[in-house]
Amino acid sequence: MNVERALVSARGIYKHYGGIRALADVSLDIGSAEIHALVGENGAGKSTLVKIMTGAEKQDAGQVMVDGREAQLTPEKARELGIGAVYQEPSLIPAMTVLENVFLGWEQRFGLGLLDHRRMRREAAAALDNIGARIHLETEVATLSVADRQLVEIARALVQQARVLIFDEPSAVLSGVELERIFNVIKELRSHGLGILYISHRLAEIFELADRATVLKDGRVVASRPVNELTMEDLIHLMVGREIGARHLRPEAARDRIVLEVDKLALGQDREPISFELHAGEVLGLAGLVGSGRTRLANALGGIRPARAGVVFRNGRPVRLKRPSDAMRAGIVVIPEDRKREGLILGHSVRENLALASLKELSTIGMVSAKAERRLASEAVKVFAVRPPAIDVATGTLSGGNQQKVVLGKWLVRKPSAEVVVLDEPTRGVDVGAKYEIYNLIDALVARGSGVVLISSELPEVIAMSDRVLVMSAGNIVGELKRGELSEERILRLAVLGREHELAASEGGGDAA
Amino acid sequence: MRSVGWPNHWVKRQARTLLAWSLLIFLFLLTTVLSETFRSPAVVTETFKGATFVGMAAAAEFFVVVAGGIDLSIGSVATISGMAAAVLMNGRDQNIPLAVAAALGVGLVVGVINGLLVTWVKITPFVATFGMLYVLQGVAYSYSVNPVGQAAPTFYNLYEDSIAGVPVLLLVMVGFWGICWYVATQTAFGKHLYAVGGESGAARLAGVRTTRVSFASYVICSVVAAAAGLLELTQTYVGTPDLGATLLLTTITAVVIGGVSLFGGQGSVIGVLGGSLVLAFLGQFFDSVQVNAFFQQLIEGLIILALLGIYRQRVKR
Amino acid sequence: MSRQSVRRGSWETGFAAVAAALLALTACGGSSGTPGGTKTYTIAFISQGTSNSWAAQLDAVASKAAKADGVKLVYFNGQGDATKQLPEIDTAIAQKPDAIVLVPLGGAADTGPVERAMSQGIKVVLCDSTITSQNYTSLVTPHAETAAVPLAQWLADKMNHQGNLLYIGGLPGNTTTITYDQGFNSVMQKYPSIHIINAGNANYSISTAKQLAATAIASGKTFTGAWGVGGEAVTGLMQALIDAKVNPAPPIGGAAATNGILRLAIQNKMEVASLQFPPTSSQVCIDTAYKAAKGETVPKSINISDLPQYGPILPPLDKYYKPQFSDDMYVGTDSVLTVDELKALNLVK
Amino acid sequence: MKPLDRTEARSQLSTFAAPPNQGGREPRNVSGSSSPRNPVRTAGVVRLAYESVASTLLRLPPTVRGYGLPIGTSLLVAAVVAVVEPGFYRPANLHVVMQQYAVLGLVTLGQVLVLLVSGIDLSVGAVMNAALITIALMNHYNENLLLVSLVLCILIGAGVGVTNGLLVSLRDVPPFAATLGMTACVQGAILVYTKGIPAGNIPTALRPIALDGIGIVPYSLLICLAIGLVVIVFLSRGSYGRTIYAVGRSAEVARRVGISTTAVRVSAYTLCGVFAALAGIILSAYVGYVDPAIGGTYNLQSIAAAVVGGVSFIGGEGKPAGALIGALFLLTVLNVTTLSSLNPFTQLIVQGVVMLVAVSLFHLIKRGSFA
């Protein structure tokens with residue numbers, strides 16, 4: 001694409017953070033009516049580029065051109081020039097209303113700074129309507145679901161007459177219907193002539209959505225081509241620089257011993273109680289849309305948010321799960337979805353994070369043994385292949401994948417080791433290399449006889465890893481699929497439509513879409 | 001979780017403000033029932049007038065607190081601005097404009113310094129304004145330990161004058177609170193204050209100039225505090241270095257009773273007005289009903305804790 | 001979310017219930033009749049309020065005096081806080097009392113409200129401390145300025161008019177502090193050989209005074225005399241000298257005499273000259289206000305120190321010290337209140 | 001040729017001098033001086049001075065910055081004091097400083113615990129007052145109850161702390177407001193109980209705690225340092241310390257590893273209350289006379305000491321040892337200004353300015369930048 005036609009283009013961007021190179025000579029064009037995908041492993045520099053193109057950070061060298069002219073971007077300037085962004089971590093103020101958030105930093109006013117409430121209300125309502133979002137304007141954002149928050153952010157970009165819209169991994173927090181909705185919105189926006197920069201880890205999405213893909217690796221552009229000239233293998237190759245062979249399936253677990261039995265666990269009002277069993281050496285996939293109750297179930301098992309009723313048996317004995325320490329005592333471990341908020345203390349060193357769940361074991365008369373702690377941390381760093389393998393660096397400086405390894409390490413180095421491990425989206429926001437290391441870890445877990453519950457929105461991952469899959473929808477388990485029955489369509493159909501439809505569909509001959 | 005709004009979302013959002021005002025109405029009724037002396041318009045009017053100084057200082061503090069900061073120096077700003085105005089007025093009407101300008105100028109200078117210390121040098125607001133408190137007190141006392149200056153007659157008559165039976169002071173206050181309400185709710189800047197106090201990172205991404213906003217909040221705070229000191233001069237006639245010393249805690253109490261979250265990002269001007277009136281009417285309650293005065297502070301404390309217990313603040317993550 | 005709103009609901013209900021109950025309760029005891037016959041005068045007593053033991057004794061004496069005079073005393077609690085007391089004066093004016101007795105907290109700041117009261121024909125008696133203007137009915141106080149003179153003179157003489165004088169200040173800006181300093185300075189400027197070492201302001205706090213004095217004493221300077229503004233400063237000074245084992249202790253001057261200061265002085269054989277700054281003066285204040293309310297002419301200024309029972313306290317101190325009473329009792333309070341009344345104030349051991 | 005503004009020149013120069021792909025250097029030195037979001041165009045000279053200090057400090061190796069600088073700064077302060085006010089080092093004065101330090105140090109230790117769990121305690125002064133009143137009233141008639149009264153003081157401190165902690169952790173009340181309300185309650189209760197006249201005695205048997213000691217070192221200081229040592233050790237090495245830091249930095253993560261955040265918070269406030277009560281006892285012993293406003297300035301002083309010593313308001317940042325040094329620094333400034341026989345009002349200004357400069361310097365050392 002030539003520069004004249006591009007709405008926004010980056011030219012030879014360099015950026016360093018404290019001696020670490022984030023971007024080097026990166027150039028990129030976003031044209032009108034184009035969906036441009038930006039892919040790359042974690043730490044490849046995608047987020048940095050987004051920050052620079054939205055004015056949130058300043059490049060060390062290079063230029064950002066808008067309509068062919070060089071622009072000194074600040075967040076306000078970028079907005080004025082029509083560059084909008086939907087961030088991975090929502091940039092909304094929870095305590096403020098939808099309306100206030102949509103127009104934050106872009107308030108429409110009469111003279112004297114008086115706000116034109118009527119006009120803002122009208123425009124916001126129109127924008128939300130446009131993308132099919134049914135959200136009340138006076139609702140406090142704190143009470144909205146993640147998907148709705150993203151819609152609010154899109155509405156925000158729309159009222160600000162953005163011509164270029166940057167999506168920073170929306171699919172990381174969405175799944176299924178919600179994602180489909182966002183995709184439709186994005187395509188609709190393209191048809192109106194907007195330029196879209198779409199960032200994602202999920203390569204399948206790129207092929208569904210994008211016109212063009214740019215691959216970043218170690219802060220450099222390694223390729224920028226139209227999507228129809230690319231295959232999935234090409235993309236993976238470009239991103240990681242090596243082929244990753246298809247994972248071969250683990251031999252099916254011998255389902256002899258039940259390590260966890262969940263009996264009529266009530267997760268909320270108007271929800272059917274949930275029952276299932278988990279065997280030693282088994283990976284039980286838990287699929288479903290975001291908000292289908294998967295995380296709620298995980299939190300109930302971890303004692304993080306106790307269930308309202310029901311019993312959980314460990315090795316046949318009922319256990320109380322009123323608080324996290326109960327679960328820890330019962331040998332149940334829940335690896336949380338949101339590692340930055342729930343999994344790690346970013347200001348702590350890797351060693352301190354790793355030791356956090358084992359404080360009691362490491363202490364005698366209230367004093368933590370420095371030697372035992374170092375031993376534990378060094379061992380974990382080695383076993384979980386944390387890079388760099390230093391135990392005294394601040395956890396916040398690690399990449400997403402390595403942070404995730406620290407979270408896993410924190411829970412899995414505990415002695416005695418947990419027999420039940422619940423992994424909530426363990427590979428979200430993790431680069432391809434780290435992903436496979438995490439899969440190997442799951443293999444190792446089941447090999448030593450633990451039962452694993454794997455919650456994931458990435459269906460290929462669920463299918464490849466699981467011995468059995470439970471599908472949840474609206475807080476209920478709507479179906480169980482054995483290994484032989486697993487396919488993306490079946491899972492998705494269950495997740496979206498619920499049990500009756502699945503039955504009806506299969507009776508009617510199974511003409512799946 | 002419902003994504004469609006409730007019909008009572010307004011009540012929910014304004015719950016704290018409503019609570020403060022309910023308390024005020026309750027106090028008002030209680031005092032009316034219990035005390036004969038209170039059933040006089042003059043007494044009620046005086047109580048309202050009595051709330052102006054603390055109320056204005058509370059409004060000043062509101063702007064900083066809602067933007068996520070705190071200003072411990074407002075008492076000394078009010079003191080110094082009052083002294084400066086009294087000295088410059090020196091009892092002469094023609095000096096009023098100069099004196100008013102100087103008093104507000106004092107506020108401006110202190111506000112700019114506070115703002116710079118917090119946003120540029122990046123000292124915790126608590127410590128920056130605490131240090132400022134020391135410095136300003138020292139400056140005030142170094143200038144004079146004795147009362148200084150004299151308010152001009154036209155100026156101090158503001159306290160007693162009335163237009164069509166309505167005290168001028170109350171009109172001034174209605175105007176003042178109106179402006180504060182306007183700035184906080186009807187302007188973009190007001191929205192930005194809440195945004196910066198609520199989630200500064202998100203506000204920055206949304207294009208709000210967060211540094212500028214929190215800087216401005218300190219400037220506004222000090223200027224309004226200076227205006228409060230100026231207004232107090234209508235009541236006292238002379239400038240004195242020891243007046244604002246206890247203002248700080250009273251002010252913060254009013255802000256807290258008014259339902260402003262000290263975590264920032266939540267609260268309303270009308271709530272703060274309610275909070276400062278609650279304090280004034282609570283004092284009036286004790287004076288009118290002649291209850292054992294030793295209980296006053298305890299009851300004040302219990303009210304604060306009870307309200308805070310009811311409010312349940314949203315903790316920032 | 002739902003759990004939270006349920007909770008909030010129950011709090012609100014509870015709050016409303018308590019409020020309603022209180023309203024109902026208080027509604028019963030509201031009315032009170034106005035006595036017929038002779039006019040009952042109303043005096044608004046704007047006190048320093050619930051802040052320190054001096055104010056508490058002042059209040060107790062005032063209410064006793066009001067009963068004796070048959071006047072209705074309306075009490076205003078200044079809570080020891082000038083900003084809180086200021087608006088109370090104007091509310092008091094709005095209640096149109098026959099007279100106001102004001103114990104000024106912000107002496108300078110109270111100028112405005114007092115002038116407003118006077119302009120409405122309300123008699124204002126200033127009790128124990130003055131304001132900046134001269135526009136009031138009567139001022140009842142030991143004349144701190146003149147009363148400080150004999151004490152300062154005593155101290156200067158004891159120092160043989162030379163050497164270092166350890167000075168602990170009061171509350172800057174406070175009228176009593178200012179007038180007191182004037183009296184002190186008027187004496188000391190006659191003696192250039194006396195070097196005043198200012199250790200700082202104690203803000204009427206014993207513990208601050210003690211810490212300042214201790215630091216000054218530790219600096220190694222020798223002091224031939226010491227002066228404290230306020231009873232708290234004197235007490236802190238004495239404690240510091242005692243604890244630092246300064247022997248012999250330099251002579252000490254300053255107000256105001258409590259039983260405790262006398263006890264310390266006698267027990268440790270210290271020479272202390274002090275001033276009666278009696279909380280009992282509120283009796284005179286109320287009486288004066290009553291007379292003024294009745295329309296009698298009252299003197300513009302009543303110097304408490306001129307009254308025979310309120311003179312300066314110079315060594316020997318034995319005749320002033322009352323071991324049966326507690327440290328907090330100001331010298332002279334027992335001359336007005338009975339032992340039972342003192343007991344009720346925690347003042348009897 | 002148009003004369004260049006100094007900062008402008010600098011930034012232009014550095015753009016050429018340090019091509020980004022060379023790496024290694026901190027980029028903030030390059031772009032920091034001309035950030036467009038800066039609220040004010042700052043005077044170039046001040047800024048330059050600032051940054052040269054900042055970059056000098058930054059170039060020091062981390063170990064020097066970690067241990068060397070605090071020690072170096074302390075030595076520097078000690079040297080400055082020796083020149084400005086040599087009287088500071090007189091044994092008698094050191095004795096007085098130690099007596100006063102025991103009180104401030106203890107309160108500061110408590111305050112640090114609360115600050116570390118992202119709280120703040122403004123009720124320490126009230127607890128100190130309550131301690132003094134308790135001792136004075138219970139020993140008014142006889143001194144047999146001394147020990148009982150001391151235990152009661154500690155219980156009161158603990159009670160206030162527990163209430164603060166519960167308000168903060170169970171009802172999510174902002175700590176500032178909760179402890180402020182608590183102050184009003186405690187002071188109010190004192191008033192109601194004493195009717196404004198405390199009228200008791202500080203028993204003479206209590207006084208040696210603060211007045212006597214080994215050489216010039218009073219027992220009170222030994223108590224303070226012993227407690228300080230325990231706090232330092234437990235915060236750096238103990239599992240309790242780990243839970244405190246974890247809760248302060250991320251309560252949610254802490255909760256998920258089975259730490260009861262409520263228990264940790266409440267314990268921090270409780271210890272703070274207990275330390276404040278102890279400080280109240282020691283200060284009572286030191287003053288030796290009933291002063292119902294004994295705790296007056298300790299709320300703000302203890303917070304200032306902690307912050308000067310590097311404890312942050314956001315929780316989980318800072319060390320008790322630093323706070324103890326901060327308290328020493330603060331007390332030294334107060335002592336030296338008192339000794340200096342400056343005008344007391346000038347003393348106030350000096351104290352304020354020194355505090356601001358000290359905190360700024362600390363930030364400078366820690367972040368290495370003012371940008």
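A note on names: the letters A, B, ... follow the listed sequences, proteins ahead of strands, and every chain is numbered from 1.
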Given heavy-atom pairs under 4.5 angstrom as the criterion, report whether the side chain, backbone, both or neither of [X] touches chain B.
{"X": "D:Ile303", "value": "side chain"}
{"X": "D:Leu300", "value": "both"}
{"X": "D:Leu167", "value": "side chain"}
{"X": "D:Ile314", "value": "neither"}
{"X": "D:Phe313", "value": "side chain"}

Pairwise distance [atom1]([X]) to [atom2]([Y]) - rounded to 0.5 angstrom:
{"X": "B:Leu133", "Y": "D:Leu348", "atom1": "CG", "atom2": "CG", "answer": "9.0 Å"}
{"X": "D:Thr183", "Y": "B:Glu300", "atom1": "OG1", "atom2": "CD", "answer": "12.0 Å"}
{"X": "D:Leu122", "Y": "B:Leu249", "atom1": "CG", "atom2": "CG", "answer": "8.0 Å"}

- Taking it one step at a time, do D:Leu191 and B:Leu298 satisfy side-chain contact (heavy atoms from CB on, under 4.5 Å)? CA-CA 8 Å; D:Leu191 268 185; B:Leu298 181 62; over 6 Å; no
- Message: In terms of relative ring orientation, are D:Phe345 and B:Tyr141 parallel, tilted or perpendicular, with 30° and 60° separating the classes?
- Response: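 The rings of D:Phe345 and B:Tyr141 sit tilted, inter-plane angle from 30° to 60°.
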- Message: Tell me which one of B:Leu308, B:Val256, B:Leu305, B:Leu262 satisfies side-chain contact (heavy atoms from CB on, under 4.5 Å) with D:Val173.
- Response: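 For D:Val173, the side-chain contact (heavy atoms from CB on, under 4.5 Å) check succeeds only for B:Leu308.
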- Between B:Ile304 and chain D, which part of the residue has a heavy atom less than 4.5 Å away: side chain, backbone, both or neither?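 When you check distances to chain D, only side chain atoms of B:Ile304 fall under 4.5 Å.
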- Message: Is there a side-chain contact between B:Phe130 and D:Val307 in this structure, where contact means two heavy atoms from C-beta onward sitting under 4.5 Å apart?
- Response: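 A side-chain contact is absent here, since even the closest heavy-atom pair is not under 4.5 Å.
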- 4.5 Å side-chain heavy-atom contact, D:Leu356 and B:Leu117: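 D:Leu356 reaches B:Leu117 side chain to side chain.
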- May I ask you to name which of D:Gln347, D:Gln351, D:Lys195 has the most heavy-atom pairs under 4.5 Å with chain B?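 Result: the option with the highest number of such pairs is D:Lys195.
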- Top contributor to chain B contacts, counting heavy-atom pairs under 4.5 Å, from D:Ala251, D:Gly188, D:Ala189: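 Top count of heavy-atom pairs under 4.5 Å with chain B: D:Gly188.
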